[in-house]
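For reference, the structure discussed in these notes is given below.
Side chains included, hydrogens not; waters and symmetry mates left out as well; all remaining heavy atoms used. Naming convention: chains lettered A, B, ... in sequence-line order (proteins, then strands); numbering from 1 in each chain.
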There are 2 protein chains.
Amino acid sequence: MSSVAASTRPGGRSARVLNAIYTAVGELVGEGTERITFSLIAERAGVNPTTLYRRWDDVDALLEEVAVAALTREGDPIPDTGALETDLTEWALIITEDITRPHRTRYLRAMVAARDEIVSSCSVMERRREQAAEMVRRASGRGQEAPTVGQILDHIVAPLYHHVVFALPVDEDYARLLVRDVLLMVR
Amino acid sequence: MSSVAASTRPGGRSARVLNAIYTAVGELVGEGTERITFSLIAERAGVNPTTLYRRWDDVDALLEEVAVAALTREGDPIPDTGALETDLTEWALIITEDITRPHRTRYLRAMVAARDEIVSSCSVMERRREQAAEMVRRASGRGQEAPTVGQILDHIVAPLYHHVVFALPVDEDYARLLVRDVLLMVR
DNA sequence: TTACTAAAGCAAATATAATTGCTTTACGAC
DNA sequence: GTCGTAAAGCAATTATATTTGCTTTAGTAA
């Protein structure tokens, strides 16, 4: 298995090699390559296959690792429009756009296919929870009634991810619909 | 790829072999075997490996096929308690119990890891839609106000599957909570 | 700088997977 | 029954994947 960090010598070459490997995997996933193998990755990364064999138990372990890294990268801004409804709508649209990009979908699937321990170690959902919490906090600050963070996760985030993962259609209208539904719960 | 049905000679041996293969895969998945290979399956099924190579492109294709078959098997009864709230609660509990069983979870993951085409061809969600529709129909027949079928799928089914697939905790209380939330939408 | 050593590269050896041509079995149509 | 054929079994071959011992490279600490 082995993990990214904790290398005793993270300074130069190892880091460079690791980076090349991650990039190679990213490219291959992005290109929709069907059967990704160590040899393929090594070739693309300009790295010796042995390195891969020594570092990861199998290709899946590496793919999961890269997927987790890619999915938990920070970045999405938290909308701050002055009203919860528009905040949530904006946010739902950002998520939609993010997870429907083909290689994002592939990463999601790769991660989700993995064993519990790996999936749990991935903080995608924690990240979403924090973002939701921030929007709710702002709403409360303005004296607005708001759904709970749990409700936002269960009824906006979950359905969106669920649809992507089960290859069901996801679009703007669907995202807006979910926001409307969740707001019906607070009235 | 090749699919289950449409064999020109479904009568005896082929069917028996296919069955042995499906059973073997089921067992291996159930046992949580990490790296399932054709050889492993063939050995377990008491079948020649060549048969597997000739019939499926790769192990994943076979796993997906078995997963889809297992997940779309009929069986869950549709609760009919006389009130929508209890129907939905019963139903949510049935789903919860079903998808949290370890080898069910594994099947779900296997399916979800697959390519779009395979996932789409799986009617798990259609099945759920029909069941939800039936309960809503009964409620309307009694003159009860009810959420839409879409709302039930988005806000009860989706969160449940989402939690399982993302290795988040799922239990009875969670299922009940979701039902309560969705009913808040109709008032 | 220098010495030490973790980690990468290389190449040969081994193991496992996948393919292929041919033989055998046993449905299914007659 | 008997015949034709689809699909399974077998075995030899080929291709890939994986392991291993050794060499080289280059961070890091002194």
Counting heavy atoms not belonging to A/Glu43, are there more than 12 under 6.0 Å from its CD? no
side-chain contact (heavy atoms from CB on, under 4.5 Å) between A/Leu153 and A/Met125: does it pass, once the steps are laid out? CA-CA 8 Å; A/Leu153 291 173; A/Met125 288 306 146; 5.6 Å; no
For DNA chain D, just give me the dot-bracket, please: Watson-Crick or G-U, both distances below 3.5 Å, ( ) intra-strand, [ ] crossing earlier pairs, | paired with another strand, . unpaired. ||||||||||||||||||||||||||||||
Sorted by chain and number, sequence neighbours left out, salt bridge (charged side-chain N to carboxylate O under 4.0 Å, His left out) with B/Arg137 holds for B/Glu134
Any protein N or O atoms within reach of nucleotides 1-3 of chain C? Criterion: under 3.5 Å, listing atom names and distances.
none

Quick test: give all pairs of protein nitrogen or oxygen and nucleotides 20-24 of chain C nitrogen or oxygen below 3.5 Å, distance rounded to 0.1 Å.
residue: C/dG21; atom: O6; partner: B/Arg54; partner atom: NH2; Å: 2.8

Output the rounded distance in Å from CG (B/Leu52) to P (C/dT19). 12 Å
List in chain and number order the residues that pass side-chain contact (heavy atoms from CB on, under 4.5 Å) with A/Arg180, two or more places apart in sequence or in another chain; answer none if no residue qualifies. A/Arg176, A/Leu177
Tell me, which pairs form a salt bridge (charged side-chain N to carboxylate O under 4.0 Å, His left out) where one or both residues lie in residues 94-107 of chain B, sequence neighbours left out? B/Asp98-B/Arg101, B/Asp98-B/Arg104, B/Asp98-B/Arg128
Stretch residues 30-49 of chain A: residues that reach within less than 4.0 Å of DNA chain C through a heavy atom: A/Arg35, A/Val47, A/Asn48
Once you round it to whole Å, what is the distance between C1' of C/dA8 and CH2 of A/Trp56? 12 Å
Whole Å only: how far is the CZ atom of B/Arg16 from the P atom of D/dG9? 10 Å
Just to verify, what does A/Ala146 make a side-chain contact (heavy atoms from CB on, under 4.5 Å) with, not counting sequence neighbours? A/Leu84, A/Val136, A/Ala139
With sequence neighbours left out, the residues meeting ring-ring contact (aromatic ring centres under 6.0 Å, His included) with B/Phe166 are A/Tyr161, B/His162
Going by the salt bridge (charged side-chain N to carboxylate O under 4.0 Å, His left out) test, which pairs reach into residues 19-33 of chain B, not counting sequence neighbours? B/Glu27-B/Arg44, B/Glu31-B/Arg44
Rounded distance [0.5 Å steps], CD1 in B/Ile94 versus CD1 in B/Ile99: 12.5 Å
Once side-chain contact (heavy atoms from CB on, under 4.5 Å) is applied, do any residues pair with A/Thr37, and if so which ones, sequence neighbours excluded? A/Ser39, A/Leu40
Which is it for B/Asp154 and A/His155 under the side chain to side chain donor-acceptor pair (under 3.5 Å) test, yes or no, and what are the steps along the way? CA-CA 7 Å; B/Asp154 289 338; A/His155 304 298; over 6 Å; no
Rounded to whole angstroms, how far apart are CG on B/Asn19 and C1' on C/dC27? 17 Å
Checking side-chain contact (heavy atoms from CB on, under 4.5 Å) for the pair B/Val25/B/Val29: CA distance, chi angles, key distance, verdict? CA-CA 6 Å; B/Val25 171; B/Val29 168; 4.1 Å; yes
Taking side-chain contact (heavy atoms from CB on, under 4.5 Å) as the test, write out the residues that go with A/Ala132, two or more places apart. A/Trp91, A/Val149, A/Ile152
Residue-phosphate contact under 4.0 Å: A/Thr51 side-chain N/O, C/dA7 OP1/OP2: no
Here the distance between atom P of D/dG9 and atom CZ of B/Arg55, to the nearest Å, is 10 Å
